[in-house]
Amino acid sequence: MPDTPRLILVAVAWPYANSPLHMGQVAGAYLPADIFARYHRMRGDRVLMVSGSDSHGTPVTVRAEAEGTTPEAVFQRFHRTFLETFEGMGISFDLFTTTDTPNHHAVTQDMFLRLREQGFIYEAEQTLLFDPKAGRFLPDRYVEGTCPFCGDPGARGDQCDNCGRTMDALELKDPRSRLSDATPEPRQSTHFFLKLSAFNERLREWVEPQAHWRPAVKNFTLGMLREGLHDRAITRDLTWGIPIPLPGYDDKRIYVWFEAVIGYLSAAKEWSSIQGTPEAWRDWWENPEARGYYFQGKDNVPFHTLIWPAMLMGYGGLNLPYDVPANQYVTMSGSKASSSRNWAVWMPDYVSRHDPDPLRYVLTAIMPETSDSDFTWAEYVRRNNDELVARWGNLVNRVLTMTRRNFEDRVPEPPATLAPESQAMLAAVDAAFADVGGHIEAVQLRSALGAAMGVAQLANRYLDERAPWVAVRSDREHAAETLYVAINVVSGLATLLQPFLPFTSREAWAFCGNAGDIQAAGWARSTVAAGTPLPEPHPLYKKLDDALVDDEESRLGR
RNA sequence: GGCAGGGUAGCUCAGAGGCCAGAGCAGGGGACUCAUAAGCCCUUGGUCGGCGGUUCGAAUCCGCCCCCUGCUACCA
């Protein structure tokens with residue numbers, strides 16, 4: 001039974017609303033967050049899982065101009081595709097909002113003003129490149145030119161892809177704007193800066209004792225602290241974004257990287273208002289017992305281990321992250337996902353053609369928790385057929401069809417005392433709840449799934465050893481015991497697998513004769529009593545044909 | 001260039017000082033037949049990137065080198 005309910009904030013990366021989600025983002029953040037949230041809900045904990053569309057930023061504006069539409073229209077379009085993907089994949093947000101709500105604007109402006117009052121935000125002049133034709137300041141990435149180090153003519157303002165050196169965009173020779181091809185000119189502009197340098201020591205003292213952080217996350221963060229944090233400009237010369245809450249800055253906006261992370265807080269407040277309990281968010285943000293887990297891809301680590309904590313420290317009174325279980329990348333058939341080369345599996349496409357649970361299964365099995373991992377469609381088909389269908393789906397099917405045929409569609413009556421191997425089998429399932437749960441709490445989801453699937457293998461072995469298909473003709477009570485135990489094992493496994501495979505686990509659980517909602521049944525085996533009527537089952541998973549591999553691979557890079 | 005992660009069986013990956021280095025798949029063999037010809041048992045296969053070092057003992061710690069990936073902070 002669950003002990004006292006815990007407060008768990010599941011904070012998930014805010015996707016940038018200028019393209020649909022691809023598989024790598026699901027594997028890196030949304031799926032692990034969902035598994036984690038589902039487990040804690042079953043355990044009886046109070047979970048708040050939030051995120052939203054990052055609707056601001058230069059690429060959104062640029063895309064809008066290219067399409068002759070507004071930034072609002074662009075981000076709203078992708079926001080809808082995100083919601084459809086989450087629905088189709090069973091990603092169970094309590095709230096998935098956007099950064100373009102009045103609430104988020106207000107929370108951001110409050111944080112801005114408070115940090116400024118505390119002296120952590122100051123104003124300074126900056127020299128930036130201005131595109132006279134497009135009439136706007138350019139982010140470094142939007143400037144191209146000749147690399148001052150190696151002479152490569154295709155260098156970008158932030159980095160040269162040829163020699164790998166980083167630079168200031170002002171150092172580029174023969175600079176030209178990627179927006180208009182005009183020659184950018186340096187101009188002075190006044191901006192607000194976040195005083196990150198003031199937090200270096202406090203952050204180090206906070207990060208160093210975090211023994212439960214992943215080594216990659218912790219080492220990377222400490223490395224940056226060792227080098228020393230620089231203050232960063234948090235405003236831009238833009239008109240699409242959150243206004244600066246001070247007079248005289250109409251042509252400037254608060255920049256995305258500063259305000260997007262505030263979304264975790266503003267979304268919690270928005271959710272509370274929607275629930276009709278406007279103060280509820282305080283439970284996750286002010287109670288020191290509450291834990292916030294921030295699910296990210298590795299490229300997002302510094303924003304969640306340094307910048308956001310610094311902002312929270314400066315603001316005061318709010319919980320810092322408990323863990324930032326950032327994942328590495330999932331590559332596609334050996335190469336990094338890329339929008340421009342269309343080297344990715346786009347989630348709207350996947351959802352339109354396939355079932356959610358097989359992908360959830362495969363992505364969890366290869367989840368890049370320690371190093372990059374590779375997705376191939378051949379591996380997808382193999383794991384579906386050999387593991388989901390053969391080991392788990394087939395276990396459910398063989399147990400239930402055999403029982404129904406031989407015991408009048410009901411759970412058979414076991415003897416008063418179970419055989420030692422039957423007791424051991426049930427004990428193994430019960431023990432798996434602590435084992436799988438422990439792995440999930442440590443955010444080791446690949447191990448957690450492996451432990452659950454290991455029980456399915458034990459169950460197949462148990463069946464094979466007791467051979468109820470033979471016993472049913474000679475020793476009916478022996479067969480009755482085996483199938484009674486097997487059904488209860490399947491019932492327990494359905495619960496164990498629910499965080500990973502929510503759609504099919506619900507079915508498997510009901511096939512065992514369980515009534516009600518699997519989510520409400522809790523993180524423990526639901527015992528099915530003898531005599532319980534068994535509904536007619538159907539296979540949980542489809543066996544996939546190898547032709548799918550060629551079909552899907554032909555879509556890559558096209 | 002700097003920082004971080006990784007290089008372990010044919011393939012995809014676990015393991016982070018000490019039982020003969022593991023799993024799944026692929027390969028070989030077997031008993032069974034309830035089940036989506038699925039499941040179960042046995043089995044072939046590895047100088048754990050290279051070279052040195054520490055240790056009674058090293059994939060596991062240290063140093064140097066080679067290779068892959070990511071980040072390098074006004075893209076979020």
Side-chain angles (χ1 to χ4, degrees), chain A residues 13-16 18 54 56-59 126 128-129 137-142 149 156-159 163-166 168-169 191 193 196 214-224 226-227 229-230 232-236 255-258 260-261 297-303 306-307 328-329 331 334-336 365-366 368-376 378-379 382-383 385-403 405-406 446-447 450 453-454 456-457 459-465 467-472 479 482-483 486 538-543:
Chain A
W14 288 57
Y16 207 35
N18 67 345
D54 185 346
H56 304 307
T58 306
Q126 215 181 2
L128 297 166
L129 289 172
F137 284 90
L138 296 168
D140 286 356
R141 289 224 158 183
Y142 281 79
F149 303 104
R156 273 174 296 131
D158 55 341
Q159 175 171 29
C163 68
R165 300 286 290 270
T166 56
D168 193 305
H191 282 290
F193 286 73
L196 282 170
R214 292 183 178 174
V217 172
K218 187 172 175 181
N219 290 338
F220 179 79
T221 303
L222 286 173
M224 289 186 78
R226 229 175 290 122
E227 288 176 29
L229 299 182
H230 312 327
R232 289 179 65 161
I234 57 164
T235 53
R236 292 292 186 280
Y255 203 45
V256 272
W257 68 255
F258 179 82
V261 287
K298 62 176 162 185
D299 51 336
N300 251 323
V301 166
F303 292 89
L306 295 170
I307 294 176
Q328 311 294 302
Y329 287 150
T331 55
S335 302
K336 192 192 171 190
I366 66 168
E369 292 171 341
T370 52
S371 58
D372 291 350
S373 65
D374 192 45
F375 177 92
T376 61
E379 180 78 350
R382 186 197 69 72
R383 284 198 189 260
N385 291 352
D386 295 353
E387 298 180 16
L388 263 190
V389 172
R391 191 184 301 171
W392 164 233
N394 183 55
L395 169 69
V396 176
N397 199 44
R398 70 195 291 213
V399 166
L400 293 170
T401 53
M402 207 186 327
T403 306
R405 185 175 324 117
N406 294 295
R446 194 162 50 182
S447 301
M453 289 299 286
Q457 190 162 22
N460 277 315
R461 191 174 300 159
Y462 170 79
L463 279 181
D464 197 73
E465 282 166 2
W469 52 91
V470 175
V472 79
T482 308
L483 292 170
H538 59 79
L540 293 176
Y541 309 99
K542 292 193 286 260
K543 195 158 180 181

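Labels below follow one simple rule: chain letters A, B, ... track the order of the sequence lines, proteins then strands, and each chain is numbered from 1. As a basis for the values below, the full set of heavy atoms in this structure was taken, side chains included, without hydrogen atoms, waters or symmetry mates.
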Report task. Mind checking salt bridge (Lys or Arg N to Asp or Glu O under 4.0 Å) for A:R398 and listing every partner two or more places apart, or none if nothing turns up? Result -> none
Give me the distances for all protein-to-nucleotides 33-40 of chain B N/O pairs that come in under 3.5 Å?
residue, atom, partner, partner atom, Å
B:C34, O2, A:R398, NE, 3.1
B:C34, N3, A:R398, NE, 3.3
B:C34, N3, A:R398, NH2, 2.5
B:C34, N4, A:R398, NH2, 3.0
B:A35, OP1, A:R405, NH2, 3.2
B:A35, O3', A:N397, ND2, 3.2
B:A35, O2', A:N394, OD1, 2.5
B:A35, O2', A:N397, ND2, 3.4
B:A35, N3, A:N394, ND2, 3.1
B:A35, N3, A:R398, NE, 3.2
B:U36, N3, A:Y541, O, 2.7
B:U36, O4, A:L540, N, 3.2
B:U36, O4, A:Y541, N, 3.0
B:U36, O4, A:Y541, O, 2.9
B:A38, OP1, A:K543, NZ, 2.3
B:A38, O5', A:K543, NZ, 3.3
B:A38, O2', A:A390, O, 2.9
B:A38, O2', A:N394, ND2, 2.9
B:G39, O2', A:R398, NH1, 3.1
B:G39, N2, A:D464, OD1, 2.7
B:C40, O2', A:D464, OD2, 3.3

Query raised in the report: Side chains of A:R236 and A:F137: does their closest heavy-atom pair fall under 4.5 Å?
Result: no
**Report entry** side chain to side chain donor-acceptor pair (under 3.5 Å) partners of A:K542, counting only residues at least two apart
**Finding:**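 Checked A:K542 against side chain to side chain donor-acceptor pair (under 3.5 Å); matches are A:D355.
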Report task. Check side chain to side chain donor-acceptor pair (under 3.5 Å) between A:Q328 and all other residues, then give those that pass, not counting sequence neighbours. Result -> A:K298
Residues forming a side chain to side chain contact (heavy atoms under 4.5 Å, CB included) with [X], sequence neighbours excluded:
X: A:D374; answer: A:T331, A:T376
X: A:F220; answer: A:M224, A:V301, A:P302
X: A:V261; answer: A:Y264, A:F303, A:H304, A:W308, A:M311
X: A:A486; answer: A:V399, A:L463

Query raised in the report: Mind checking what makes ring pair (Phe, Tyr, Trp, His ring centres under 6.0 Å) contact with A:Y329, not counting sequence neighbours?
Result: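 Ring pair (Phe, Tyr, Trp, His ring centres under 6.0 Å) list for A:Y329, sorted by chain: empty.
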Query raised in the report: Mind checking what makes ring pair (Phe, Tyr, Trp, His ring centres under 6.0 Å) contact with A:F193, not counting sequence neighbours?
Result: A:Y122
Report task. Dot-bracket notation for RNA chain B is requested: 5' to 3', Watson-Crick or G-U wobble pairs only, both distances under 3.5 Å, with ( ), [ ], | and . as defined. Result -> ((((((((.[[[[.)..(...]]]].((((.........)))).....[[[[[..)....]]]]])))))))....
Give each protein N/O atom lying under 3.5 Å from an N/O atom of nucleotides 12-15 of chain B, with the pair distance.
residue, atom, partner, partner atom, Å
B:C13, OP1, A:D374, N, 3.2
B:A14, OP1, A:T370, OG1, 2.6
B:A14, OP1, A:R446, NH2, 3.0
B:A14, O5', A:R446, NH2, 3.3

